[in-house]
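Working notes for the structure below.
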Amino acid sequence: KIFKEDGVAAVKKEMLQLHDRRVIKAKKHSELTRKQKSEALEYLMFLKRKRCGTVKGRGCADGRKQRAWTPPEDATSPTASTNAILLTAVVDAVEDREVAIIDVPGAFMQADMDEVVHVRITGKMVDLLLEIDLATYEPCVTYENGEKVIYVELLKALYGTLRAARLFWEMLTAKLTEWGFTINKYDPCVANKVVNGSQMTVAWHVDDLKVSHKDSKVVDVFIEQMESEFGRETPLNKSRGKVHDFLGMTLDFSCSGQVSVTMQDYIQMMINECPKSMIGKSVNPAAQHLFKINHKDPLPLGQEDKDVYVRMVMQLLYLSQRARPDIRTAVSFLCGRLQAPDKDDYKKLGRVMKYLQATPDLPLILSADRSGRVRWFVDSSFAVHMDMKGHTGGTLSLGRGSVYSTSGKQKLVTRSSTECEVVGVHDVLPQIIWTREFLLEQGFDIKETILYQDNMSSILLEKNGKSSSSKRTRHMNIRYFFIKDRVDAEEVQIEHCPTEEMLADFFTKPLQGKLFY
């Protein structure tokens, strides 16, 4: 009723796609058992008016019933990690590669089903199927509680079914392997192939692919291969040039040797939707009292404000993990207050939003200096939280910019700043190891992985293990000395960094003034 004729046309387009792509096979009511009918998934249709004014329909199956018999491991589909996307983008920039973005329309519907799944289509959507092919669908129409119903068997994967994304991932992975690509062992959605003596890299998230190579003609050939394999029904959407929209980020390779990452549209969307009380500007995302909590007489939020808080914090988390690491520390605290936020937390959220309004177009600029040195800065603030737990911050740089950053409350109370620093390294170490192995698998020339810290006592413990323990540290769990094993294996080098040069300090506390900038 809201979209009227435009809505009907959008729904019919979706139904026509199911028919033309042979995604469904109509089944007569008598062909299905009572169990098959009870397990049939409902077919849902969602309509949305796009910015250009057209109405977009999205048909999907309600796959919740499948959770009862589908193991989680069979329903999980890998996607390229944000870290992998940004790391490969830095390599693309440094090597001055030609970058292209490919979107596969109706990707799931290209993968064959590997199990029997039935879907129940009802109401107006049945009428539209009859308009498309009366002879095929009319014999299968039945009535349930006075409503027209058609049961269909899925021949192809359909959005909403639990295994749809995994089936397409398996199909795309098999095809890339057939074309000579090798999958990165540390990210199953990154693949590489040497063409004309140079590496071509494909990184993908479901049906969105980023492909890069030094020679634009090699990229052209890959796009033609993708078009012939996945664009037979509908042409692929392709982006060429120096600026690309990919996974909500704008990747700008216009300046040689570097990539600029922004999310201006996403930030503007958040600003447009934020409450009036959050309108304004702030010079930084958090005040010095960020970690302070009112336990005596907190003013809890009403349900409506709590819903706003949870939604906006989750949106900020998505943003901070990609283009805006400068809000990471504030967002880390706000995430820890999701269960029972109060009005103080709401004001802290408002300050982050005001900071974004003051800096909506601030870019994250990334590059590598070709030295082969992977630099990690890890720092911890001792007993800064109300429960006396510390806070860990870490950041990775290949030359310029933070390719990866983390900020989080520690899970245990430590007895000293030295112990707090060792626990902080333990928190970040898995990411340090993964990054090293991922880059080596990509063929990146790593000469050193350097871990910078500003506490000499913790450095001694990490290098020497229990042999450097004193009465104040002998109680520490042996797992926190895993770093020593990595140092002994020459995978990580630990070096001292003066506190005033410690970049990770930014992620351990709400810095103010010139320290923030």
Side-chain angles (χ1 to χ4, degrees), residues 288 291 325 328-329 332 369 371-385 388-399 402-436 446-516:
Q288 286 182 326
F291 294 151
R328 194 88 163 111
T329 306
S332 170
D369 58 15
S371 67
R373 305 180 81 192
V374 178
R375 301 175 179 88
W376 284 90
F377 297 82
V378 178
D379 194 23
S380 297
S381 289
F382 174 60
V384 291
H385 288 280
M388 294 297 106
K389 291 180 180 177
H391 199 92
T392 297
T395 188
L396 160 69
S397 176
L398 297 176
S402 174
V403 184
Y404 170 85
S405 61
T406 182
S407 177
K409 181 179 178 180
Q410 294 184 351
K411 296 180 179 179
L412 74 164
V413 176
T414 53
R415 297 185 61 194
S416 65
S417 59
T418 296
E419 183 180 350
C420 187
E421 295 272 3
V422 175
V423 171
V425 169
H426 172 80
D427 291 342
V428 182
L429 188 58
Q431 186 65 37
I432 295 175
I433 296 172
W434 178 89
T435 301
R436 180 180 184 275
I446 296 180
K447 292 182 172 60
E448 296 176 304
T449 296
I450 303 174
L451 169 60
Y452 290 105
Q453 286 197 278
D454 61 2
N455 186 304
M456 288 301 298
S457 296
S458 64
I459 291 175
L460 286 174
L461 279 171
E462 290 153 7
K463 286 184 175 181
N464 302 325
K466 283 291 187 179
S467 62
S468 288
S469 290
S470 65
K471 291 181 179 180
R472 293 174 59 85
T473 57
R474 65 177 56 169
H475 65 281
M476 291 176 61
N477 193 300
I478 193 67
R479 70 174 180 269
Y480 295 112
F481 295 98
F482 176 51
I483 178 62
K484 181 184 183 302
D485 182 63
R486 301 298 93 192
V487 171
D488 291 345
E490 299 184 351
E491 294 179 5
V492 179
Q493 292 179 234
I494 303 176
E495 294 186 9
H496 180 259
C497 173
T499 299
E500 58 271 17
E501 298 176 15
M502 174 49 68
L503 300 182
D505 195 38
F506 185 93
F507 300 101
T508 65
K509 60 179 75 74
L511 298 180
Q512 306 295 308
K514 66 178 183 180
L515 289 177
F516 176 77

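Bear in mind that the values here come from a model prediction, so they are computed numbers and not experimental data. Starting from 1, each residue takes its place in the sequence as its number.
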Any idea which heavy atoms bring [X] and [Y] closest together, and the distance?
X    : Y    : value
G394 : F507 : O-CD1, 4.1 Å
G393 : A504 : O-CB, 3.5 Å
G399 : S397 : N-OG, 3.2 Å
G424 : S380 : CA-OG, 3.4 Å

To the closest 0.5 Å, what do you measure between [atom1] ([X]) and [atom2] ([Y])?
X    : Y    : atom1 : atom2 : value
L461 : E419 : CG    : CD    : 9.5 Å
H426 : L412 : NE2   : CG    : 9.0 Å
L396 : S405 : CG    : OG    : 9.5 Å
C497 : L503 : SG    : CG    : 6.5 Å
H496 : I494 : NE2   : CD1   : 12.5 Å

With a 4.5 Å cut-off on side-chain heavy atoms, are [Y] and [X] touching?
X    : Y    : answer
I432 : R436 : no
D379 : E421 : yes
T406 : D427 : no
F382 : T414 : yes
F377 : L451 : no
I450 : V374 : no
R486 : L429 : yes
V422 : E462 : yes

Do NZ/NE/NH1/NH2 and the carboxylate oxygens of R375 and D369 come within less than 4.0 Å?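 Answer for the salt bridge query: yes.
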For the side chain of [X] and the backbone of [Y], is there at least one donor-acceptor N/O pair under 3.5 Å apart?
X    : Y    : result
S458 : N455 : yes
Q410 : C420 : yes
T395 : Y404 : yes
T435 : Q431 : yes

If you count heavy atoms of other groups shown closer than 6.0 angstrom to CD of E490, is the number above 12?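 At most 12 heavy atoms, drawn from other residues, nucleotides or ligands, come within 6.0 Å of this atom.
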Using side chain to side chain contact (heavy atoms under 4.5 Å, CB included), reason through E491 and T449 one step at a time and then give a plain yes or no. CA-CA 7 Å; E491 294 179 5; T449 296; over 6 Å; no
Centroid separation H391 to F291 less than 6.0 Å: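 Between H391 and F291, the centre distance is under 6.0 Å.
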Return the set of residues passing side-chain hydrogen bond (donor to acceptor under 3.5 Å, both in side chains) with K447 (not counting sequence neighbours), or none when no residue passes.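 K447 satisfies side-chain hydrogen bond (donor to acceptor under 3.5 Å, both in side chains) with D445 once adjacent residues are dropped.
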Could you list the residues that satisfy side-chain hydrogen bond (donor to acceptor under 3.5 Å, both in side chains) with S381, not counting sequence neighbours? T508, K509
Side chain to side chain contact (heavy atoms under 4.5 Å, CB included) between V425 and Q453, worked out: CA-CA 9 Å; V425 169; Q453 286 197 278; 3.2 Å; yes
Evaluate F482 against I433 for side chain to side chain contact (heavy atoms under 4.5 Å, CB included), listing each step before the verdict. CA-CA 11 Å; F482 176 51; I433 296 172; 3.6 Å; yes
From CA spacing to verdict: side chain to side chain contact (heavy atoms under 4.5 Å, CB included), S407, T392: CA-CA 6 Å; S407 177; T392 297; over 6 Å; no
